[in-house]
Every structure is written in structure tokens, then in C-alpha cells.
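Starting from 1, each residue takes its place in the sequence as its number.
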Amino acid sequence: VQLQASGGGVVRAGDSRRLSCVVSGRTLNDLSMGWFRQAPGKEREMVAAISLSGGGTWYTDSIKGRFTISRDTAKNTVYLQMNSLKPEDTAVYYCAATFGNTVTPTVYHSWGQGTQVTVSS
């Protein structure tokens, strides 16, 4: 499974941004997906996940109500729509994939290269 994340950039607080993760090698019908982020000096954290059925989603508390994870099976792409961005959302964002119908896997086995999101105040 290969993952290609894109969509990062420099935005202002309050702006919106959509990240994309194009999946190749397997279809989204085989994969549960997650978005992670890592800020400078901090550990990587999972921010959102979607099950392979598309029927289950999970969000970390700090982004609930602002971020939405979704997928387009025709494009084999997963998105992270980020609204009302805050400076503390600044991080490198990664997408990841795992087999199985879950939003809380014990391990993600494939990772994208990361895309930088910088939110200025």
C-alpha cells in the first residue's frame, strides 16, 4: 500500500484547509485509514480515523467539531477537512492505513510522507 498526502500549506487562524491522501496498491474497501500529526517537539498523535466500511469515524477531542475525515472510494482518496484552524494545529500531518474494519487499530502498517500545515495567528 502506498500513500501520498498533500494539501498542506501556510494559513491564517480561522481559515480552512483540506488534506488529501491518495491510496494505491489496495482499494479503500480493504483499508481503514487514519490521519496523524506531529508538532515540533511533540509526539505524534492520531487526530482522526475512518473504518473501511466508511461507517465509523473517530476524532481526538481537540479537533472535534472542526475537522472531518471522509473518503471517496471512486478516487481511492481520503480527506481531512480542517475548519477554524488554530495555531496549535500547526504540525506535519500524515495519513496511514491498516487492514480491518476499525477506527482504533493497534497498528497502522502503511504511512504517507507527511504534509506540513502551518497556522499563523
Side-chain angles (χ1 to χ4, degrees):
V1 180
Q2 292 80 45
L3 309 177
Q4 181 70 43
S6 63
V10 180
V11 299
R12 294 184 176 181
D15 284 354
S16 297
R17 196 81 174 184
R18 189 178 76 164
L19 305 182
S20 300
C21 176
V22 178
V23 180
S24 59
R26 297 296 290 258
T27 74
L28 285 178
N29 293 322
D30 297 328
L31 301 167
S32 292
M33 302 293 295
W35 282 99
F36 291 73
R37 68 184 180 187
Q38 187 166 21
K42 295 187 177 181
E43 293 187 355
R44 185 174 61 193
E45 64 169 340
M46 189 166 82
V47 296
I50 188 166
S51 63
L52 64 82
S53 69
T57 56
W58 177 93
Y59 299 95
T60 193
D61 286 345
S62 63
I63 58 91
K64 282 181 180 177
R66 299 189 298 122
F67 291 12
T68 303
I69 189 170
S70 64
R71 64 183 203 158
D72 184 334
T73 54
K75 296 182 178 180
N76 226 35
T77 300
V78 177
Y79 303 100
L80 185 67
Q81 176 66 43
M82 306 184 294
N83 298 329
S84 302
L85 282 162
K86 304 176 180 180
E88 52 263 44
D89 294 319
T90 295
V92 178
Y93 285 74
Y94 301 88
C95 57
T98 190
F99 293 106
N101 191 29
T102 177
V103 294
T104 55
T106 55
V107 63
Y108 282 90
H109 58 71
S110 298
W111 293 82
Q113 83 288 4
T115 184
Q116 175 73 46
V117 175
T118 302
V119 184
S120 62
S121 56

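Taken from CG in Asn76 to CG in Asp30, the straight-line distance is 9.0 Å, to the nearest 0.5 Å. For the atom pair CZ (Arg37) and CG (Leu80), the distance works out to 9.5 Å, reported to the nearest 0.5 Å. Here the CE-OG distance, from Met33 to Ser70, works out to 11.5 Å after rounding to the nearest 0.5 Å. Atom CZ of residue Arg66 and atom OH of residue Tyr59 lie 12.5 Å apart, to the nearest 0.5 angstrom. Within the model, atoms CG of Leu31 and CZ of Arg26 stand 6.5 Å from one another, a figure rounded to the nearest 0.5 Å. Atom OG of Ser32 is separated from atom CD1 of Ile50 by 9.0 Å, given to the nearest 0.5 angstrom.
A 4.5 Å side-chain heavy-atom check between Val10 and Arg17 finds every atom pair outside the cut-off. Between Val117 and Met82 the shortest side-chain heavy-atom distance falls below 4.5 Å. Inter-residue side-chain proximity for Ile69 and Tyr79 is flagged as unmet; no heavy-atom pair is nearer than 4.5 Å. Leu19 is listed as a side-chain neighbour of Thr115, based on a closest heavy-atom distance under 4.5 Å. Side-chain contact check for Val1 versus Val23: some heavy-atom pair is nearer than 4.5 Å. Here the side chains of Asn101 and Phe99 are not in contact, with every heavy-atom distance at 4.5 Å or above.
The minimum heavy-atom distance linking Ala5 with Cys95 is given by the pair CB-SG, 4.0 Å. Residues Tyr108 and Trp111 come closest through the heavy atom pair O-NE1, 3.2 Å. Nearest heavy atom pair, residue Ala91 against residue Gln116, reads O-NE2, 3.4 Å. Here the closest non-hydrogen pair linking Leu28 and Val78 is CD2-CG2, 3.7 Å. Listed here is the closest heavy atom pair of Leu3 and Cys21: CB-SG, 3.9 Å. Contact record, Ala96 with Phe36: CB-CE1, 3.9 Å, taken as the closest heavy-atom pair.
Relative to the six-membered ring of Trp35, Arg18 misses at least one condition, a distance below 6.0 Å or an angle of at most 45° to the axis.
A donor-acceptor pair under 3.5 Å links the side-chain atoms of Thr98 to the main chain of Val107, judged by distance alone. Without hydrogens or angle criteria, Thr27 side chain to Thr73 main chain gives no donor-acceptor distance under 3.5 Å.
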Go through Thr90 and Glu88 one step at a time and tell me if the side-chain hydrogen bond (donor to acceptor under 3.5 Å, both in side chains) criterion holds.
CA-CA 5 Å; Thr90 295; Glu88 52 263 44; over 6 Å; no
Walk me through whether Ser110 and Gln2 qualify under side chain to side chain contact (heavy atoms under 4.5 Å, CB included).
CA-CA 7 Å; Ser110 298; Gln2 292 80 45; over 6 Å; no
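Checking Ser62 against Thr60 by side-chain atom types alone, no donor-acceptor pair falls below 3.5 Å. Neither side chain, Asp72 nor Thr77, offers a donor N or O lying under 3.5 Å from an acceptor on the other.
Ring pair Phe67/Tyr93 is tilted by interplanar angle, where 30° to 60° counts as tilted.
Salt-bridge check for Asp89 with Lys86: failed, with every basic side-chain N at 4.0 Å or more from each acidic carboxylate O.
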